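Because only heavy atoms are used, hydrogens play no part in the values below, and waters and symmetry mates are left out as well, while side chains stay in. We number each residue from 1, following the sequence as shown. Every value quoted in this text rests on a predicted model; they were computed, and no experiment measured them.
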Amino acid sequence: MPETPASPTNPLVTGSEIARLARVTRAAVSNWRRRYDDFPAPAGGGANSPLFDLAEVQAWLNKQRKGQDLSDEVQLWQVLRGVYGDEILGGLADVAQILAAPEGRKPSALPEQAVDVARRLAEERSATEVVSDLAERFTDSVRRAGSDQVTSARLVRAVRHFVGDLASDAVLFDPACGIGTLLLAIGSGPKVRRYGQESDSRSARFAQLRGDVAAETHIDVKQGDSLRSDHWPDLKADLVVCDPPVSDADWGREDLLLDPRWELGTPSRAEGELAWLQHAYAHTGPGGRVIMIMPASVAYRKAGRRIRAELVRRGILTQITALPPGTAVAHALPVHLWHLRRPRTPDDAATTVRMVDLTSNAPDGPLEAIPEQVTDVAQIDLLDDLVDLTPGRYVEESHRDYGAEYESLRQELAEQVHRLAELLPSLASSESAGALDGPSVSVADLIRAGLVEFADPEPVSTSDQLDTDFLQGFLHSTANSRRSTSSSGTFRLDSKGARIPQMDIDAQRRYGSAFRALREFEERSRRVAELSRQIAALAQDGLSNGALRPQD
């Protein structure tokens with residue numbers, strides 16, 4: 001595919017932008033690409049995010065009269081929105097019901113207009129595509145409202161990528177399946193069995209009907225709270241996927257304190273995500289896997305440390321993947337995928353945890369990590385006082401060039417120390433009275449005379465007869481500092497009340513040069529102290545982990 005850049009004369013648009021232009025869903029645009037041979041070919045982008053020439057797209061839409069009239073997809077959505085309002089999920093389920101069972105009884109709330117449009121669309125395409133379009137439009141509407149009620153397309157793509165290939169007769173389970181987005185996106189083939197549970201009755205019904213419409217797959221969704229009322233207590237799946245409802249802080253801890261699912265430890269009230277994680281793990285058979293969408297904070301929060309340690313110690317946790325910011329629907333915060341596997345035997349347990357850090361990637365960018373984004377961490381290196389499982393912490397450390405970094409810091413430290421001695425001004429003893437004991441002028445008078453103005457962070461001279469370094473040096477003198485200290489001992493720099501010696505401009509410049517050198521000396525001294533801390537810590541780590549050794 002050509003990597004053609006967009007330009008004022010050759011603007012390129014995404015599939016989503018075409019959908020907005022034509023007032024249809026993105027799925028409809030994908031369908032056009034499959035159905036119409038004359039649909040414009042991609043003019044840029046990549047395989048996963050193609051770009052199209054805007055002029056070609058507009059010409060095609062005009063030719064097909066797409067976007068000229070209100071499309072059937074938009075008509076159907078508008079009718080459902082008008083009838084069902086905020087209960088739109090009930091309308092989507094009603095449409096799915098009449099498409100899954102054309103001869104069945106029509107839901108009483110579903111208007112005939114919606115039935116006619118839905119059936120016409122199903123004849124033109126397929127019932128599965130119509131229901132998928134409605135689900136996608138619902139997902140888009142929820143995303144625009146800033147909600148995480150449904151799993152985003154980007155998260156689905158990521159989970160699907162890391163799940164990889166599944167056996168043709170695999171058993172899948174999603175204990176918080178929502179409208180079935182993840183449950184239906186993973187795996188293929190008529191022998192794959194899908195089981196789900198969802199607390200929201202409308203979502204559960206729609207998820208079940210989505211599977212019924214796609215008759216080639218087996219799906220069974222139950223309504224209810226998975227943690228408090230597990231409808232699948234004996235189910236052991238090959239793969240459990242889950243995007244848990246993390247916004248609900250009341251997950252039922254008081255009612256479930258002695259529940260046998262907490263084999264890794266009873267989660268605290270604040271760690272509902274780890275309750276869902278253990279529930280998912282309880283539903284895996286030997287060799288079964290869990291891929292769980294988790295907030296990044298679960299990897300390091302103090303309350304979950306003991307359970308994280310057990311996951312590592314027992315060889316259950318195999319990988320944590322930090323996804324790019326923007327992958328979730330309603331916020332740009334990074335999210336993680338936690339990969340678990342139930343060992344078949346004690347010898348089958350994992351001995352390392354793979355850390356994958358994709359946070360530098362674009363949210364629609366590649367999910368295949370490059371070597372610099374991956375490291376395998378031994379269990380012993382994770383089981384410290386924190387049990388911090390944040391991938392970036394270990395990936396960055398594993399690809400650190402200790403030798404080059406140590407040499408660079410050592411050279412900079414040597415240069416800074418050498419420069420320090422040169423910065424100290426040559427000062428001679430003086431028998432005269434203190435400079436401020438002689439004739440002086442207040443800064444307030446200098447301001448009134450227009451010789452000084454306030455800048456950020458300190459006053460500066462506006463006259464050739466007053467040196468700024470001289471001014472600022474005496475502002476920070478001990479005598480002026482005393483004037484700026486209240487009777488309570490609180491320090492306040494009151495520049496207007498400060499006094500400056502009266503000297504000719506040549507003398508001012510000599511003082512100013514000395515003050516300037518001292519300020520730079522202080523700044524470099526702080527840098528030397530920081531470099532000393534960094535190089536000592538680096539050397540300590542490098543010597544202890546084998547990255548550095550003493551020279552012969």
Side-chain angles (χ1 to χ4, degrees), residues 96 99-101 126-129 131-132 135 151 153 155-198 203-224 226 230-244 260-261 263 276-293 314-319 321 337-350 354 367-368:
L99 294 180
S126 72
T128 301
E129 288 187 3
V131 174
S132 295
T151 305
L155 277 174
V156 172
R157 169 178 169 252
V159 173
R160 191 162 48 211
H161 172 84
F162 286 103
V163 165
D165 296 330
L166 285 178
S168 60
D169 59 349
V171 175
L172 272 62
F173 179 51
D174 185 343
C177 67
I179 63 172
T181 304
L182 270 179
L183 191 58
L184 292 165
I186 307 300
S188 61
K191 293 184 179 180
V192 174
R193 289 167 291 162
R194 307 170 195 274
Y195 300 91
Q197 187 165 338
E198 169 56 41
S203 298
R205 177 174 172 242
F206 186 44
Q208 179 65 60
L209 286 166
R210 289 179 70 183
D212 292 345
V213 170
E216 71 276 5
T217 188
H218 173 278
I219 186 170
D220 194 348
V221 177
K222 304 295 185 183
Q223 190 272 322
S226 282
D230 186 0
H231 281 279
W232 304 104
D234 300 321
L235 177 65
K236 300 298 180 183
D238 299 301
L239 175 68
V240 182
V241 292
C242 188
D243 185 1
R261 287 173 293 182
E263 59 180 285
W276 283 99
L277 185 79
Q278 292 192 76
H279 173 72
Y281 184 68
H283 281 287
T284 58
R289 294 186 293 154
V290 174
I291 294 189
M292 198 90 172
I293 298 167
R314 298 190 189 189
I316 295 169
L317 183 67
T318 60
Q319 179 172 317
T321 305
L337 295 183
W338 286 39
H339 307 241
L340 278 59
R341 180 178 176 274
R342 183 178 291 279
R344 297 181 185 276
T345 65
D347 294 336
D348 189 36
R354 172 155 292 188
L367 292 169
E368 197 66 48

Problem - Pairing residues for Arg160 by the side-chain hydrogen bond (donor to acceptor under 3.5 Å, both in side chains) criterion, not counting sequence neighbours - result: none

Exercise for the section: Can you establish whether the number of heavy atoms outside Arg354 located under 6.0 Å from its atom CZ is more than 12? Expected result: no

Handout entry: Partners meeting salt bridge (Lys or Arg N to Asp or Glu O under 4.0 Å) with Lys222 (sequence neighbours left out)
Key = Asp220

Handout entry: Residues in side chain to side chain contact (heavy atoms under 4.5 Å, CB included) contact with Thr321, at least two apart in sequence or another chain
Key = Phe162, Gln319, Leu323, Leu337, His339, Val356, Leu358

Practice task
Return the minimal non-hydrogen interatomic distance between Leu367 and Ala158, and the atom names on each side.
Solution key: CD1-CA, 3.7 Å

Problem - With sequence neighbours excluded, residues passing ring-ring contact (aromatic ring centres under 6.0 Å, His included) with His218 - result: Tyr195

Problem - Spacing of Gln278 atom CD and Leu340 atom CG [to the nearest 0.5 Å] - result: 9.5 Å

Exercise for the section: For Ala204, check side chain to side chain contact (heavy atoms under 4.5 Å, CB included) against everything at least two apart and list the hits. Expected result: Glu198, Val221, Gln223

Handout entry: Nearest atoms (heavy-atom pairs only) where Leu183 meets Ile219
Key = CD2-CD1, 3.9 Å

Completion exercise
To the nearest 0.5 Å, atom OG1 of Thr318 lies from atom CH2 of Trp338 at 11.5 Å

Completion exercise
Value for SG (Cys177) from CG (Leu184), rounded to nearest 0.5 Å, stands at 8.5 Å

Exercise for the section: Would you indicate whether the side-chain heavy atoms of Val192 and Leu166 approach each other to under 4.5 Å? Expected result: no

Practice task
Applying side chain to side chain contact (heavy atoms under 4.5 Å, CB included), name anything that partners Arg344, two or more places apart in sequence or on another chain.
Solution key: Pro286, Arg341, Asp348

Practice task
For residues Pro244 and Trp276, report the shortest heavy-atom separation together with the two atoms involved.
Solution key: CB-CG, 3.7 Å

Problem - side-chain hydrogen bond (donor to acceptor under 3.5 Å, both in side chains) involving Gln208 - partner list, sequence neighbours excluded - result: Asp212

Problem - Residue list, side-chain hydrogen bond (donor to acceptor under 3.5 Å, both in side chains) with Thr128, at least two apart or on another chain - result: none

Exercise for the section: Any chance you could measure Ile291, atom CD1, to Cys242, atom SG, to the nearest 0.5 Å? Expected result: 12.0 Å

Problem - Sequence-distant partners of Ser226, side-chain hydrogen bond (donor to acceptor under 3.5 Å, both in side chains), two or more places apart - result: none

Exercise for the section: For the pair Asp238 (side chain) and Val171 (backbone), establish whether a donor and an acceptor sit closer than 3.5 Å, ignoring hydrogens and angles. Expected result: yes

Exercise for the section: With rounding to the nearest 0.5 Å, note down the distance linking CG in Leu235 to CZ in Arg193. Expected result: 9.0 Å

Problem - Test item: Leu172 and Val241 side chains (from C-beta on) under 4.5 Å apart, heavy atoms - result: no

Practice task
Under the ring-ring contact (aromatic ring centres under 6.0 Å, His included) rule, collect the residues that match up with His283, sequence neighbours excluded.
Solution key: Phe173, His279

Exercise for the section: Compare every heavy atom of His231 with every heavy atom of Gln197, then report the nearest pair and how far apart it is. Expected result: OE1-N, 3.0 Å

Problem - Close side-chain approach of Thr151 and Ile293, heavy atoms under 4.5 Å - result: yes

Handout entry: Any residue meeting salt bridge (Lys or Arg N to Asp or Glu O under 4.0 Å) with Arg289, in chain and number order, not counting sequence neighbours
Key = none

Problem - Tyr281 OH to Arg261 CZ distance, which is reported to the nearest 0.5 Å - result: 15.5 Å

Practice task
Output all residues satisfying side chain to side chain contact (heavy atoms under 4.5 Å, CB included) with Ala280, sequence neighbours left out; order by chain, then residue number.
Solution key: Val240, Val290, Met292

Practice task
Measure from the side-chain N and O atoms of Arg194 to the backbone N and O of Ile186, and report whether any donor-acceptor pair falls under 3.5 Å.
Solution key: yes

